[in-house]
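Notes for the one structure printed next.
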Amino acid sequence: MTATLRTVVAGRVVFRLVLGWGAFAVLFAAQPFLSARLSTPVLVTVLAGIIAVIVVCAFGVVGEAEHLARRLGDPYGTLVLTLSIVMIEVILISAVMLGPGEHTTIARDSVMAVSMIILNLVIGIALLVGGLRHARLRPNRTGVSAYLSLLVVLLAVAFALPGLIGEGGSYTPGQEIPIIVLTVLLYAFFLHRQMGEQRGDFQEVAPEKRLTSAGAAAQQPLREGSLVLSAISEHRAEVVTHTLVLIATVVPIVLLSHDMATLLDDGLDRAGAPVALSGILIAMIVFLPETITTIRAAHNGEIQRVSNLCHGALVSTVGLTIPAVLTIGMLTGQTVVLAETPANQLLLGLTLLLSLTTFSGRRVTALHGGAHLMTFALYGISVFS
């Protein structure tokens, strides 16, 4: 165990942990100073410093996630990174709702920004990078189809349905309970299938490894599950340590992102930028570790891992955030506005349709990436309109 700790917790790992948590401690101690109106040069300097710390820590998160992915294989390896970021994002939104003030649209604005960033910006860059480097990027269409099926339903429940059957863009108390239960059940069923019998649907397409008999195919999930359990049992200390280090590195990233929200709002207000841009920038920073991992996977030609990281992250974000905020709203008596504007609903529908056409073909190309990036640019135009 001691040898494992020395191997995993190397000097650069300790440096990132100290840097991330130290920056958060300094920022927390400096709250009285930061709450005053800073001069523009000081504000820009503080923001640049926070972003620099986040970027350094993000590379540490990527390294830990790649260690786990190699040890556990997909989708378990990428699931660790995805859930560690998404769970903290959900806790972050919940903490804002439980804090002082009215935050009726915090969940809607955050999840919408995350949706457009992941489905268009991150996937667009990944497909552009991967498509220019690799001629044949073949996603596992069954796995991608499963992700998109859940996203169509979950995003409709989140952003469209409350505006049609609810009141003022919110679900009524009688509607919230069944929505919470159904969303949790669907997400739990998805995780059960993804880590169980359908695990192979979320792995890279490998024609040379295709099974030649139905009997062998039926035994594949069982053998793969046994291999994962064997790897965890044999390298338990290493897996646990990498997981804890990953989480310990992710937490200050999210905390710093949250604390800099006030500074961003102030800076954007001085620049005359729309307030919604703050949520977009924070979402981009929070998901920076996953973005870096996704682009690396695309560069290596691992297109299914791109889908696992992006589509899987968004399924988890929506599947966990909506039940959490609706539950908090019921317990605290807060109104939770989820219904999106017509413009954003149109862009979201366009994004889902584009995702379907992108990943339903035999291969994806850089041209698909360009289409996703243009859609994100249209979202940016709508924010500034």
### Hphob cluster co-occupancy, Ile381 + Ile280, side-chain heavy atoms under 4.5 angstrom
yes

### Query
More than 12 heavy atoms of other residues, nucleotides or ligands under 6.0 Å from CZ of Arg193: is that the case?
yes

### Query
Heavy atoms, side chains only, cut-off 4.5 Å: are Thr335 and Val337 in contact?
yes

### Task
Would you check if Ser110 and Thr321 make a side-chain contact, meaning some heavy-atom pair closer than 4.5 Å?
no

### Task
For residues Val114 and Ala283, report the shortest heavy-atom separation together with the two atoms involved.
CG2-CB, 3.9 Å

#### Entry: Candidate pair Asn344 and Tyr379, rule side-chain hydrogen bond (donor to acceptor under 3.5 Å, both in side chains), full reasoning
CA-CA 8 Å; Asn344 280 345; Tyr379 172 63; 5.6 Å; no

### Message
Nearest 0.5 Å, please: how far is CG in Leu348 from OG in Ser115?
### Response
6.0 Å

### Query
Would you call Val336 and Met330 a side-chain contact if the rule is heavy atoms closer than 4.5 Å?
no

### Minimum side-chain heavy-atom gap Arg363-Ile303 below 4.5 Å
no

### Task
Sorted by first residue and then second, give each salt bridge (Lys or Arg N to Asp or Glu O under 4.0 Å) pair with at least one member in residues 17-45; sequence neighbours left out.
Arg37-Asp266

### Query
Can you tell me how far the OG1 atom of Thr351 sits from the CG atom of Leu155, to the nearest 0.5 Å?
9.5 Å

### Task
Hey, could you give me each pair passing salt bridge (Lys or Arg N to Asp or Glu O under 4.0 Å) that has a residue in residues 122-133? Not counting sequence neighbours.
none

### Task
Flag the pair Pro289 / Ile253 as yes when at least one side-chain heavy-atom distance between them is below 4.5 Å, and no otherwise.
yes

### Task
Provide the closest heavy-atom pair for Ser307 versus Val144 in the form atom of the first, atom of the second, distance.
OG-CG2, 3.4 Å

### Query
Do Leu331 and Ile322 sit in the same hydrophobic cluster, where Ile, Leu, Val, Met, Phe, Trp and Tyr count as joined when their side-chain heavy atoms come under 4.5 Å apart?
no

### Summary
To the nearest 0.5 Å, atom CG of Leu378 lies from atom CG of Leu350 at 7.5 Å

### Message
Quick check on Arg362: does its CZ atom have over 12 non-hydrogen neighbours (other residues, nucleotides or ligands) under 6.0 Å away?
### Response
no

### Message
Could you check whether any side-chain heavy atom of His372 comes within less than 4.5 Å of a side-chain heavy atom of Ile125, counting everything from C-beta outward?
### Response
no

### Query
Roughly how far, to the nearest 0.5 Å, is the SG atom of Cys57 from the CG atom of Leu256?
7.0 Å

### Task
Compute the centroid of each ring, for Phe359 and then for His368, and state whether the two points are separated by less than 6.0 Å.
no

### Task
Could you state whether Leu161 and Ile177 fall into the same hydrophobic cluster, counting links through intermediate Ile, Leu, Val, Met, Phe, Trp or Tyr residues with side-chain heavy atoms under 4.5 angstrom apart?
yes

### Query
In terms of ring plane angle, is the pair Phe190 and Tyr187 parallel, tilted or perpendicular, where the classes change at 30° and 60°?
tilted

### Task
State, yes or no, whether a side-chain contact exists between Glu176 and Thr327 at a heavy-atom distance under 4.5 Å.
no

#### Entry: Least distance between heavy atoms, Val306 atom then Ala297 atom
CG2-CB, 4.2 Å

### Task
Say whether Arg141 and Ser360, considering side chains only, have a donor N or O and an acceptor N or O under 3.5 Å apart.
no

### Task
Taking atom CG of Leu367 as the centre, report whether more than 12 heavy atoms of other residues, nucleotides or ligands fall under 6.0 Å from it.
no

### Query
Does one hydrophobic cluster hold both Phe287 and Ile295, with members joined at side-chain heavy-atom distances below 4.5 Å?
yes

### Query
How long is the gap from CD1 on Ile50 to CG on Leu255, to the nearest 0.5 Å?
12.0 Å

### Query
Going by heavy atoms in the side chains, are Leu119 and Phe376 under 4.5 Å from each other?
no

### Task
May I ask whether Ile54 and Phe28 are part of the same hydrophobic cluster, defined by side-chain heavy atoms of I, L, V, M, F, W, Y residues being less than 4.5 angstrom apart, directly or through others?
no

### Message
Please give me the minimum heavy-atom distance between Gln304 and Asn140, naming the atom from each residue.
### Response
OE1-N, 2.8 Å

### Message
Distance check, rounded to the nearest 0.5 Å: Gln198 atom CD versus His192 atom NE2?
### Response
9.5 Å

## Note on the structure
Nearest heavy-atom contact between Glu290 and Ala313 is OE2-CB, 3.4 Å

